[in-house]
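Input: a single structure, listed below in structure tokens.
Counting from 1, the numbers follow the sequence of the chain as shown. Everything numeric in this text was worked out from a predicted model, so none of it was measured.
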Amino acid sequence: MTRSAVSRHKFRIGLKGKITLFLALLLAFVVVLLSMLVLAGIREDQQRRMEQNFAQLANSANLRVREEYLTGERVSPDEFMERNGQSLAVDLGGQSGIAVTLYSAAGEFAGTSLPVQPLTDVKEALAHTANGQAAYITLGNQVLYLAPLYNADQFLGSVQFHGSLQEQKMFYRHIRDLFIGTGAAVLAVGLLLGYLYVWRQVFILGKLNQAAREIGQGRYLDKPPIRRRDEIGELSEGIYDMSGSISSYVNELNEEKQKLLTAIQRLQELEQQQKQFIGNISHELKTPLTSILAYSDLLGMYSDDPVLLQNARIQISKEAERLYALIEKALQLSSMDIYDFETNAALFEVKPLLKEALGRLHIKAEKRGISLSSDLIDDQVWADQENLMHMVTNLLDNAVKYNRSGGWVRLSNRSETDATGERRVVIEVADNGIGIPEELQSQIFDPFFTVSDDRSRETGGTGLGLALVKSLAEKQHGSIKLAESGSDGSRFVISLPGDPVGN
């Protein structure tokens, strides 16, 4: 054992220490929190009572000053306070029992019951009283409360009461010291009682821990570790029952072990076969794509019309890379017999997409001497644009590949209503190519099915395209079918929702 390991073991805090520490912190927190709340309540109550007392004194002072103003000679408020301020301040001081200072409406000193004029700057407080609001200023143990004086709506001046906070602070400190002493005593007693209780429970848990270690070492129990009529007693009975269950299951586990090893070996063999299958198919599909990418580079090297060939090279490269990624995903999903592509359906105009799909096959069709035509109308379809583009280009590509020199391919769309009354968008791809034998038409949408090995080898087909088109159509609440096929060509029909549907 290293020195650091010995140090960690030496200073490890056990369960007794942790629970005791937790209890101490909890008690301390509760005592401190309650003390703070009570002290805050006392301070708030003292302040509220002080403000209420000052407010009552201010009301009394206001009545006295108003009475004097109304019964005396009619003069301006400032002149009234200048003449009577001192006498009123002495009168109000005697009436309230505390020192009083009066100020005129202009904020000038008018009189005080104190022996000397107060020197405290109260300009900001007087600004509040001029607006009809009371204000107070705390200076150490002294508080100055200022309130406005009115005669009806006429502002006469301000009254200032000089109060003392000494008694309130002494009471607050006394209560605070009482809480500190009482809290310390409660914390000490609670900590002692909690420690004794925790020590007893930890001793019992130690016995249960020892029983669990014996079970882990294969020594099963012949009786419960402890007997109690509480949750710990139930735990002890549970450990005892668990010991018996484990003992009876050990033999069964040993028997199942060999079965699991055999199953794992078989799964490994299946995984290897799956990887080999996917690798072979990937190789066959990547070969024509590699040729397309190489042809794209050659177009960039030998260009007669730079603009046209540059655009062609970019489009071929983009399509090759897109098909490459799509085929990789399709092979992964087809290996598990799952064709579940993520769709982001939206309502969009279908005519521009169909035109773009037709444009992507223009050069290929021209090389094979096949004419492309369309009969397109403005309409909206609810589908995933990327998936719909793949479906249409796949059908057009098949129509071009499996056609005769001088043949034609026609793309059209229309809108119709099905038996349930829902609007559907129908897209048709028709050609006058070599067609599909009638006895094989029911299998053309099966994964990896090809009409003939010779034709697939010649065109580079793998039989995955139509299976993917069918899966994509069904994923978007649509369908695809071979409407007709024979020696005069084939016609494929895609049906998709014309209005938004739930996913």
Side-chain angles (χ1 to χ4, degrees), residues 37-176:
L37 291 176
V38 173
L39 291 174
I42 292 174
R43 186 183 294 275
E44 182 179 352
D45 182 71
Q46 287 179 334
Q47 182 176 349
R48 180 176 56 81
R49 289 176 180 272
M50 179 188 69
E51 291 178 355
Q52 290 177 349
N53 184 48
F54 279 131
Q56 293 175 357
L57 294 175
N59 289 333
S60 299
N62 198 79
L63 290 174
R64 178 68 182 87
V65 173
R66 184 188 306 168
E67 178 185 2
E68 184 70 22
Y69 181 75
L70 293 175
T71 58
E73 182 182 354
R74 291 293 181 175
V75 294
S76 66
D78 287 339
E79 186 176 351
F80 167 75
M81 294 300 292
E82 182 179 357
R83 292 181 181 182
N84 303 286
Q86 181 61 37
S87 60
L88 285 173
V90 174
D91 187 18
L92 292 174
Q95 180 182 346
S96 63
I98 60 177
V100 175
T101 300
L102 293 178
Y103 296 92
S104 66
E108 300 295 332
F109 173 78
T112 181
S113 63
L114 293 172
V116 295
Q117 179 179 344
L119 301 178
T120 306
D121 184 6
V122 293
K123 290 182 179 180
E124 294 185 6
L126 289 174
H128 283 279
T129 60
N131 292 325
Q133 299 176 348
Y136 63 88
I137 303 172
T138 302
L139 301 172
N141 291 330
Q142 184 183 19
V143 61
L144 303 179
Y145 182 85
L146 292 92
L149 298 172
Y150 282 96
N151 174 35
D153 294 334
Q154 185 178 21
F155 180 60
L156 300 178
S158 303
V159 60
Q160 173 181 299
F161 295 97
H162 301 254
S164 175
L165 299 176
Q166 183 66 29
E167 183 178 351
Q168 292 184 359
K169 289 187 175 181
M170 290 180 61
F171 176 76
Y172 182 83
R173 285 195 295 267
H174 174 71
I175 297 298
R176 183 190 61 189

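Tyr145 and Phe161 have tilted rings, their planes meeting at an angle from 30° to 60° on a 0 to 90° scale. The aromatic rings of Phe109 and Tyr103 sit perpendicular to each other, their planes meeting at more than 60°, with 30° as the lower class boundary.
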Under the criterion side-chain contact (heavy atoms from CB on, under 4.5 Å), I'd like the reasoning laid out for Arg66 against Leu149: C-alpha separation, chi angles, the key distance, then a yes or no. CA-CA 8 Å; Arg66 184 188 306 168; Leu149 298 172; over 6 Å; no
Leu63 vs Glu67, test: side-chain contact (heavy atoms from CB on, under 4.5 Å). Steps then yes/no. CA-CA 6 Å; Leu63 290 174; Glu67 178 185 2; over 6 Å; no
Test side-chain contact (heavy atoms from CB on, under 4.5 Å) on Glu82 and Ser104 and set out the steps. CA-CA 7 Å; Glu82 182 179 357; Ser104 66; over 6 Å; no
Leu126 and Thr129: side-chain contact (heavy atoms from CB on, under 4.5 Å), yes or no, with the steps? CA-CA 5 Å; Leu126 289 174; Thr129 60; 4.0 Å; yes
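Annotation for Leu144 and Val122: closest pair CD1-CG1, 4.3 Å, computed over non-hydrogen atoms. Considering all non-hydrogen atoms of both residues, Met81 and Leu156 come closest at CG-O, 3.4 Å. Between Ile137 and Ala125, the shortest heavy-atom distance links the atoms CD1-CB, 4.0 Å. The minimum heavy-atom distance between Val75 and Tyr69, with the atom names listed, is O-OH, 3.1 Å.
In this structure, the side chain of Asn84 engages the main chain of Phe80 through a donor-acceptor pair within 3.5 Å. Counting only distance, with no hydrogens or angles, the side chain of Asn53 and the backbone of Ala55 share no donor-acceptor pair below 3.5 Å.
When side chains are defined from C-beta on, Gln95 counts as touching Ser60, because their heavy atoms get closer than 4.5 Å. Contact annotation: the side chain of Pro77 approaches that of Gln154 to within less than 4.5 Å [non-hydrogen atoms, C-beta and beyond]. In this structure, the side chains of Arg176 and His174 stay at 4.5 Å or more apart for every pair of heavy atoms. You'll find the side chain of Val65 reaches within 4.5 Å of the side chain of Leu92, heavy atoms only. At least one side-chain heavy atom of Asn151 sits under 4.5 Å from a side-chain heavy atom of Leu70. Between Arg83 and Glu73, some side-chain heavy-atom pair lies under the 4.5 Å cut-off.
Among Ile98, Val159, Leu146, the single residue meeting the side chain to side chain contact (heavy atoms under 4.5 Å, CB included) criterion with Phe54 is Ile98. Each of Leu102, Thr101, Val100 was checked for a side chain to side chain contact (heavy atoms under 4.5 Å, CB included) with Ser113, and the lone residue meeting it is Val100.
Here the CE atom belonging to Met50 is positioned 11.5 Å from the CG atom belonging to Asp45, to the nearest 0.5 angstrom. Of the inter-residue distances, the one linking Glu124 atom CD with His128 atom NE2 reads 7.0 Å to the nearest 0.5 angstrom.
Taking the six-membered ring where the residue is Trp, the centroids of Phe155 and Tyr150 are separated by under 6.0 Å.
Here Glu68 pairs with Arg64 in a salt bridge; the nearest charged N to carboxylate O distance falls below 4.0 Å.
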